[in-house]
Amino acid sequence: MDKQFDASSVEVRWSRRWEELAISHADPASPRPPFTIALPPPNITAPLHMGHAMGGSVQDSLIRHRRMRGYEVEWCPGTDHAAIATNAVIERQLLAEGTSKEAVGREAFQARVDAWYEECGGRIYEQMRRLGFSCDWARSRFTLDAGYVRAIRTVFKALFDQGLIYRGPRIVNWCPHDRSAISDEEVEHIEHQDLLTHLRYPLEGGGDVVVATVRPETMLGDTAVAVNPEDPRHRHLIGRWATLPLTGRRVPVIGDSAVLLDFGTGALKVTPGHDPTDYEIGTRHGLPIISVIAPDGTMDVPELPRFHGLTVERARREVTQALDELGAVVAEEPYVHEVGHCERCHHVVEPLVSEQWWVRMADLAAPAIGAVESGAIRFHPQRYTDFYLGWMRGIRDWCISRQIWLGHAIPVSTCANGHRFAWVEPPSACPSCGSTELRHDPDVLDTWFSSALWPFAIFGWPDETPELSRFYPTEVLTTAREIIFLWVARMIMVGLRFTGSKPFSDVLITSTILARDGSRMSKSRGNVVDPLEIIGRYGADAIRAWAAAVGTSGQDQRFDEERVASFQKFANKIWNVTRLLVSRLGDGESIPSAPSGLPPRALLPEDRWILGRLADTLQAVDQAISQYRFHDAVERLYSAIWQDFCSDYMEIVKVRLEDGVSPPSRAAAAATAVGTLDAMLRLLHPFMPFVTEECAQRLPDAAPSLQLRDWPQLDSGWSDPAHAGEQAAIDELMELVRALRARRQEAGISASDPTRHPVVVRGGGHELSADDRRRVLEALVRVRVVPSADGPAQVIVSGGLEAELHLPSGAGEERLRRQLADLESQAARLHARLSDPGFRDHAPAGVVAGTQQRLDEAARQAEALRRRLGPGV
RNA sequence: GGGCGGAUGGCGCAGCUGGUCAGCGCGUCUCGCUUACACCGAGAAGGCCGCAGGUUCGAGUCCUGCUCCGCCCACCA
């Protein structure tokens, strides 16, 4: 066994082993209770980043834990075709090659896409395996799989037939770059510094009205001027007509309460064709809609050649200038506001009116709101409940059609006689009239429409498959907060409607991983960290434990590579303590499974002590996992293993494990050490799967995999009421150990000095025999415990124990005085608190008693010190 | 404009229901290559928990206000 834990070879070996053992393949016929997670399918647009690595690690921890708890665990992996995002990736590639999708044609484009899915998808699965994810690979799904497509069409057709999907012209968020509509959720608002321009429109019959706008170019499509009917400055204008400069169009002045009194000039130019607010005003007043911007983002005003074909940005300048020439520009003021951008390509979104497919959301939302309000679905952290509910309560219809090449075709056709129908299997004739002259809808679906079906479509829905009935609904959905609206909400709505069950019961929102400087990780910033690189440097266990330590807080987390490194060291520590233990056991030695196989009498106090620590750790870990507080679990295990087991327990029992020691004592130590380490490895396994497997494998009587072992349970043999108080007595002794070490060092005794100076220990209860005390002390600190000694001594008071350490140099009184001063001020503070009648009256009895106890303790120690220091103190 | 989150030793973070909660990792300093581990061991230094009020016998921990950061939502053109 090497001194260094060789993560990479262990990872390769165990990954293969797990697959051979088929531990991750679930059986729908199993009698065990099911536990299912549907892995959020990563977009096949790029390899996984640290956020994916973390989210997946958190899920795998849950998965491994439940497996050990006896569940039939299904963790179904998959990938998402991510239509619009992949479309953008491929278009970018083509652009870089100096060509375009139009130039290469649909077929070649599709071939590029397929090749990309092959390559990128393969890399993603490879990353997941390297991270140690124990997914049910055989059930991997891709959102373009035939079965999945059928599920999508089934849902679409049902919603269509029920009137919940409709088509119609409405104002949409249009991305001129992608040449497609996008949903409200795919628009990101970015601050812009623009000009607010005040324009004067002359009124028929004299006078004028001044409107304010950041988009003067849209005035070419104005069809009204609106003022607030409550506005004393303007309301008398309602009913009059204005004449638009440049176009000469007559537009009415109308009254609408959407116009704000205190913004701009109080008068609003109304462009129903290119502004959502204006569109609604236009709807209310029956205004005509004039489109002046084409889908490619250029001006579409053939009757005005001066502006026709200009980009919107140029048109803005040109129109303003033209208006200025007419004297219509009254003022321009700098103005900061937010402008919508396409989340994918970051181009400015152009609101325009277009025929699209929509999902009516109100009916779908109601049960989805209820499921969360009733607590049937719970968010962790809890604050995301309101986040979700707020959005759901204000939900608007969802634009699901996209005008791109890539994605699921909208399963709707129209026949020559104008019958429009949705289908699941591509039709050859119209179901109404039999016409075979069919025109298929050219649009594709929003990717999130297909994602919404994920938890049940992966199991073969709409067929009643064994997997579906057994593994659905899933249990925990682990995801990032940024897709709560885009994905989580829609899964809940669709799942409830089509399966009658909530798709999951717990939504675990993981932390967001930021770059070291607190900025977002992004390719353009060049600060993206590759999980494989981190694995290469520190091992998969390190990244896994890091994920557990930072992933479940739901907080933003800056990526801290040092933290990952600390877990690599931890893995190495575990490896080495295993080596130590195994080397002391001897080849092929069989150890009775501790501690139940041993007569309790053979256990020494330190054995019972570490078993007590193990019991505490188990309880803490169980509680932490049940609350999704993985950082608590990992931290507890970190200190229990490193400090309690390695630094304390193993150091104490090392000598008992040597050859030639009395057999009962050695057997007890070996059994306790093996039993404790084994249990701790099992507890840690969900968070550090590789090193725990490798180490457990080297212990006597190992199972083929920890995944086939049971989760540790409290064992009555771990604590013995006959030895109550012993635990505390050992803890007290440990404190003395640290005090003795400190004193030795302070006295200038070299760490390498082998001299064991005599020490006399007094006080303490009767839980430990003098032998017990001597054995532990001498194992942990270089002293020799003697019944009595003469000469100058350093005095140490620690808890109820008092020790005289006989060192050659007599220094150290200063330290004693400092300690005494500390104790006195502590005692004074406690005394003051206890003398406060308010405290005595209000604080719970337990707290008062505890305070009293601490005061007594401090007083006793102080007294002992004063005695030692002699008169005059 | 509204909402949410953060502000704790040099850095990155944990502190659940108010009373050993002032802790962890890294870093720093001192001493040690002692046959498990130098990816180590031992010891030490370092924070009045953003600011100002309030509630309470008692507050990083609850309330109010404020200041900076980050994010989300929003039909003020």
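First the proteins, then the strands, lettered A, B, ... as listed; each starts at 1.
In A:H285, the NE2 atom is crowded: over 12 heavy atoms of neighbouring residues, nucleotides or ligands sit closer than 6.0 Å.
Counting non-hydrogen atoms under 4.0 angstrom, A:P754 reaches nothing in the nucleic acid. Within the nucleic acid shown, A:V214 comes within 4.0 Å of sugar-phosphate atoms alone, with no base atom in reach, counting heavy atoms only. At a threshold of 4.0 angstrom between heavy atoms, the contacts of A:R520 are confined to the sugar-phosphate backbone, with no base atom among them. Residue contacts for A:R840: at a heavy-atom cut-off of 4.0 Å it reaches no nucleic acid atom on any strand shown. Across all strands shown, A:K573 has heavy atoms under 4.0 Å from base atoms, whether or not it also approaches the sugar-phosphate. Residue A:R396 is classed as a sugar-phosphate contact, given heavy-atom separations below 4.0 Å to backbone atoms only.
In terms of polar N and O atoms assigned as donor or acceptor, the side chain of A:Q557 never comes within less than 3.5 Å of the base of B:A14 in a complementary pairing. Not a single donor-acceptor pair, N or O on each side, falls under 3.5 Å between the base of B:C31 and the side chain of A:Q745.
Aromatic ring centres of A:F567 and A:W546: separated by at least 6.0 Å. Close placement of the A:F263 and A:Y335 rings is indicated, their centers lying within 6.0 Å of each other. Separation of the A:W575 and A:F570 ring centroids does not fall under the 6.0 Å cut-off. Taking the centre of each ring, A:F687 and A:F630 come in below the 6.0 Å mark.
Following rounding to the nearest Å, A:L830 (CG) and B:U20 (P) show an atom-to-atom distance of 11 Å. At whole-Å resolution of the value, CD1 in A:I483 and P in B:C71 are 18 Å apart. One atom, CZ of A:R516, and another, C1' of B:G25, lie 12 Å apart when rounded to the nearest Å. Regarding A:R558, its CZ atom lies at a distance of 9 Å from the C1' atom of B:G70, rounded to whole Å.
Glycosidic conformation, B:G53: anti, with the torsion outside 90° of 0.
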- Query: salt bridge (charged side-chain N to carboxylate O under 4.0 Å, His left out) between A:R854 and A:E857: does it pass, once the steps are laid out?
  - Reply: CA-CA 5 Å; A:R854 276 193 285 156; A:E857 182 71 12; over 6 Å; no
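Closest to the side chain of A:R563, from the set B:C57, B:A74, B:G25, is B:G25. Nearest nucleotide to the side chain of A:N576, out of B:G19, B:C40, B:A36: B:A36.
Scanning residues 637-645 of chain A for heavy-atom distances under 4.0 Å to RNA chain B yields A:Y638, A:W642.
For the residue pair A:H198 and A:E333, a side-chain donor N or O sits within less than 3.5 Å of a side-chain acceptor on the partner.
Of the P atoms belonging to B:G54 and B:G19, the separation is 22 Å, rounded to the nearest Å. Nucleotides B:C63 and B:G5 have their P atoms positioned 10 Å apart, rounded to a whole Å.
Taking a pair to require two hydrogen-bonding distances under 3.5 Å in either a Watson-Crick or a G-U wobble arrangement, B:C31 pairs with B:G41. A 3.5 Å limit on both hydrogen-bonding distances identifies no Watson-Crick or G-U partner for B:U17.
Ring geometry for A:Y388 versus A:F379: interplanar angle of 30 to 60°, hence tilted.
In this structure, A:S566 and A:E188 both approach RNA chain B, and ranking their closest nucleotides by distance from the 5' end singles out A:S566.
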